[in-house]
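The structure appears right after this line, and notes come after that.
Lettering follows sequence order; numbering is per chain, from 1.
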Amino acid sequence: MISFSEKVFAAMKRIPKGKVSTYREIAKFIGKPNAFRAVGNTCNKNPNAPRVPCHRVVKSDGRVGGYAFGEKKKILLLQNEGIKVKKGRILNFEDCLLKTSEGR
DNA sequence: GTCGTGACTAGCC
DNA sequence: CGGCTAGCCACGA
């Protein structure tokens, strides 16, 4: 029996390196497009922080959003992946955005 | 079973 | 464009 959180982690693990996704896309991928709150909430408690690339998940606005270890840390990780981030905002947002429901 | 919280999103002024 | 409010879902006490 997989819990809602398990789906969240599974969806995030689908995100390849150098790409990012939004809480909205993940929630939709799970089957609850309006559960973006629960997604972020679950990740915040993140029982498997290093086991899941939660830092590759950003807000729909194109901002990195937050991070359990610190937003700044999240930005550094994203930049390390090859993603350009400026003041907590992704530059080529759509370019590195990965749609979970469209991965086919 | 009920209340409160949170890494969110969309709309309004 | 910027700031604030309301709505939404899941989990914990």
Side-chain angles (χ1 to χ4, degrees):
Chain A
M1 171 57 179
I2 57 175
S3 299
F4 174 82
S5 357
E6 293 294 314
K7 297 181 185 176
V8 178
F9 301 131
M12 287 202 281
K13 284 195 287 196
R14 283 170 56 73
I15 306 173
K17 195 175 89 163
K19 291 276 183 172
V20 296
S21 185
T22 67
Y23 295 98
R24 179 71 129 48
E25 291 298 314
I26 291 174
K28 191 163 57 173
F29 174 75
I30 292 164
K32 279 158 173 55
N34 289 336
F36 37 73
R37 292 292 286 275
V39 175
N41 188 0
T42 298
C43 271
N44 182 309
K45 276 97 183 209
N46 201 332
N48 8 351
R51 292 165 92 173
V52 148
C54 29
H55 63 265
R56 288 183 194 151
V57 188
V58 298
K59 304 209 308 184
S60 62
D61 297 275
R63 302 215 172 186
V64 300
Y67 193 51
F69 290 86
E71 298 175 40
K72 195 166 65 172
K73 190 79 168 191
K74 184 171 179 176
I75 294 169
L76 292 171
L77 286 166
L78 290 171
Q79 289 180 139
N80 193 13
E81 296 285 311
I83 297 164
K84 316 240 190 243
V85 182
K86 194 68 159 196
K87 296 173 193 165
R89 184 181 78 210
I90 296 177
L91 301 183
N92 306 330
F93 179 50
E94 296 182 30
D95 187 56
C96 47
L97 214 188
L98 178 76
K99 289 162 198 160
T100 50
S101 304
E102 197 182 298
R104 192 160 34 141

Rounded to the Å, how far apart are [X] [atom1] and [N] [atom2]?
X: Lys7(A); N: dC11(C); atom1: NZ; atom2: P; value: 10 Å
X: Ile26(A); N: dA7(B); atom1: CD1; atom2: P; value: 16 Å
X: Asn41(A); N: dC8(C); atom1: CG; atom2: P; value: 17 Å
X: Asn34(A); N: dG6(B); atom1: CG; atom2: C1'; value: 16 Å
X: Arg63(A); N: dC1(C); atom1: CZ; atom2: P; value: 11 Å
X: Asn44(A); N: dC11(C); atom1: CG; atom2: C1'; value: 12 Å
X: Arg89(A); N: dC1(C); atom1: CZ; atom2: P; value: 10 Å
X: Ile15(A); N: dA7(B); atom1: CD1; atom2: C1'; value: 13 Å

### Message
Which residues pass the ring-ring contact (aromatic ring centres under 6.0 Å, His included) test with Phe4(A), not counting sequence neighbours?
### Response
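Phe4(A): no ring-ring contact (aromatic ring centres under 6.0 Å, His included) contacts found.
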[atom1]/[X] to [atom2]/[Y] distance, rounded to the nearest 0.5 angstrom?
X: Phe9(A); Y: Ile2(A); atom1: CZ; atom2: CD1; answer: 12.0 Å
X: Met1(A); Y: Glu6(A); atom1: CE; atom2: CD; answer: 10.0 Å
X: Tyr23(A); Y: Met12(A); atom1: OH; atom2: CE; answer: 8.0 Å

### Task
Please work out if Ala38(A) contacts a base, only the sugar-phosphate, or nothing of the nucleic acid, heavy-atom cut-off 4.0 Å.
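Counting heavy atoms under 4.0 Å across all strands, the contact made by Ala38(A) includes a base.
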### Task
Describe the nucleic acid contact of Lys74(A) in one word from base, sugar-phosphate, nothing, applying a heavy-atom distance below 4.0 Å.
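Here Lys74(A) touches the bases of the nucleic acid.
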### Message
Can you confirm whether more than 12 heavy atoms, excluding those of Lys19(A), are under 6.0 Å from its NZ atom?
### Response
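Above 12, so yes.
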### Message
I want to verify a distance call: between dA7(B), dG6(B), dC9(C), whose nearest atom is closest to the Lys32(A) side chain?
### Response
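The answer is dC9(C).
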#### Entry: Stem regions touching DNA chain C, defined by at least 3 consecutive Watson-Crick or wobble G-U pairs below 3.5 angstrom
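When the pairs of DNA chain C are grouped into runs of at least three, the stems are B:2-6 with C:9-13, B:8-13 with C:2-7.
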### Task
Sugar-phosphate atoms are those with a prime plus P, OP1 and OP2; base atoms are the rest. Using that split, label each nucleotide of nucleotides 8-13 of chain B B, S or - for protein heavy atoms under 4.0 Å, 5' to 3'.
BSS---
### Query
Any side-chain heavy atom of Pro53(A) within less than 4.5 Å of one from Lys13(A)?
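Contact flag for Pro53(A)/Lys13(A) side chains = yes.
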### Query
Does the side chain of Val57(A) reach to within under 4.5 Å of the side chain of Cys43(A), using non-hydrogen atoms?
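Of all side-chain heavy-atom pairs linking Cys43(A) with Val57(A), none is under 4.5 Å.
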### Message
Can a donor-acceptor pair be found, under 3.5 Å and without considering hydrogens, that links the side chain of Arg24(A) to the backbone of Ser60(A)?
### Response
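No: the side chain of Arg24(A) does not pair with the backbone of Ser60(A).
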#### Entry: Salt-bridge contact Lys74(A)-Glu71(A) (side-chain N to carboxylate O under 4.0 Å)
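Result for this pair is no, no salt bridge flagged.
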